[in-house]
Amino acid sequence: MNFTDEQVTRYSRHILLPEVGGKGQKKIAQSKILIVGAGGLGSPAAFYLAAAGAGTIGLIDSDLVDLSNLQRQVIHQTPDVGRPKVLSAKEKIEAINPDVKVLTYEDRLVAKNALELIRAYDVVIDGVDNFPAKFLINDACFFAEKPLVHGGILRFDGRVTTIIPKKSACYRCVFKTPPPPGLVASCQEAGVIGVLAGIIGTLQATEALKLVLGIGRPLTDRMLDFDARRTTFREIKTKRNPNCPLCGSHPTITELFDHEPEVCDLKQVEA
Amino acid sequence: MQVKINGKSEEVQGATVLDLLKAKNIDPHMVAVELNHTILERDHLGTAHVKDGDHLEFLFYMGGGR
Ligand SMILES: [Zn+2]
């Protein structure tokens with residue numbers, strides 16, 4: 001593939017970077033990135049990957065835009081309330097950069113559809129808001145052998161880590177199973193400072209681009225935790241766990257399955 | 001004894017990791033614990049002894065994203 005003059009201009013600030021150049025920009029243009037969840041984390045990730053010229057961006061989300069989403073899900077705007085998130089996001093991506101092919105799935109990621117979907121992409125970005133889905137994405141990326149950029153936000157805290165299946169620690173190496181229902185706040189009721197989604201989501205996009213370009217050092221075998229109250233980042237070293245039920249030496253999880261959906265209970269969360 | 005918890009030096013009392021969690025009112029089901037950079041099995045928290053100079057990480061679940 002060759003870039004048009006317009007594309008050379010559009011991507012000139014990338015092409016100027018020795019680590020990217022025309023060659024790297026072509027890698028970006030040929031990349032296929034799946035964003036699971038077109039919400040808080042998915043919004044900034046989609047914006048920057050679109051601007052960067054990602055070849056294909058896949059978006060899977062079954063939700064409609066709600067007024068309470070707009071505080072942090074910046075890809076959706078006031079007139080989008082009530083519309084499918086994937087459609088709203090697709091329009092914004094195409095407006096930023098018509099070079100990007102956007103594939104939308106107005107659906108939930110479940111064990112039944114996850115592998116087939118993920119296999120069609122090079123990198124997966126976790127932008128979901130619940131543990132059953134986060135564990136499913138981790139497992140599916142392991143079975144499909146696709147790199148995963150995990151992200152999480154809650155209240156004033158955020159976390160990012162990159163997982164390269166069979167090479168670096170997976171989510172289950174650290175957190176074996178989802179927490180017991182009701183014990184840990186993860187649902188929308190817990191609250192989150194909106195800008196955290198921007199910080200963590202753009203870090204996820206950065207990781208995805210690095211993976212596509214094959215440059216730098218991925219955020220593997222470490223979790224990067226951000227504390228917005230103090231504006232501090234802390235890196236926690238992790239490593240593959242031989243007792244991991246998924247990628248350990250004696251795995252007990254040998255095929256994809258759905259965890260019980262979470263019950264969102266505000267009272268429990270606040271207790 | 002002096003240990004490091006989540007990067008911060010703390011003076012703590014207690015024999016096991018579970019003792020430290022209890023002293024901080026942390027339900028063991030809410031965290032993954034690293035002792036000197038190795039993840040502890042949840043069943044072993046009560047038998048994992050803590051000694052002076054140990055590095056502990058209490059990793060809380062962080063589930064949100066939307
Ligand atoms: Zn693992």
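Numbered from 1 within each chain, the chains take letters A, B, ... in sequence-line order.
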Item to check | Partner residues of A:His76 under the ring pair (Phe, Tyr, Trp, His ring centres under 6.0 Å) criterion, sequence neighbours left out | outcome: none
Next on the checklist: Once side-chain contact (heavy atoms from CB on, under 4.5 Å) is applied, do any residues pair with A:Val110, and if so which ones, sequence neighbours excluded?
Outcome noted: A:Arg108, A:Lys112, A:Asn113, A:Asp258
Checklist outcome for this item: Ranked by heavy-atom pairs below 4.5 Å to chain B, first place among A:Ser43, A:Pro178, A:Gly201 goes to A:Pro178
Checklist entry - Does B:Lys22 have any side chain to side chain donor-acceptor pair (under 3.5 Å) partners at least two apart in sequence or in another chain, and if so, which? => result none
Checklist entry - Is any residue of residues 232-241 of chain A within less than 4.5 Å of chain B by heavy atoms, and which ones? => result A:Arg234, A:Ile236, A:Lys237, A:Thr238, A:Lys239, A:Asn241
Next on the checklist: Strictly distance-based, threshold 3.5 Å: is any side-chain N or O of A:Asp80 a donor or acceptor partner for the main-chain N or O of A:Gly82?
Outcome noted: no
Checklist entry - If you draw the axis of the six-membered ring of A:Tyr171, does the NZ or CZ of A:Lys134 fall within 45° of it and under 6.0 Å from the ring centre? => result no
Checklist entry - So, A:Phe131 versus A:His259, ring centres under 6.0 angstrom or not? => result no
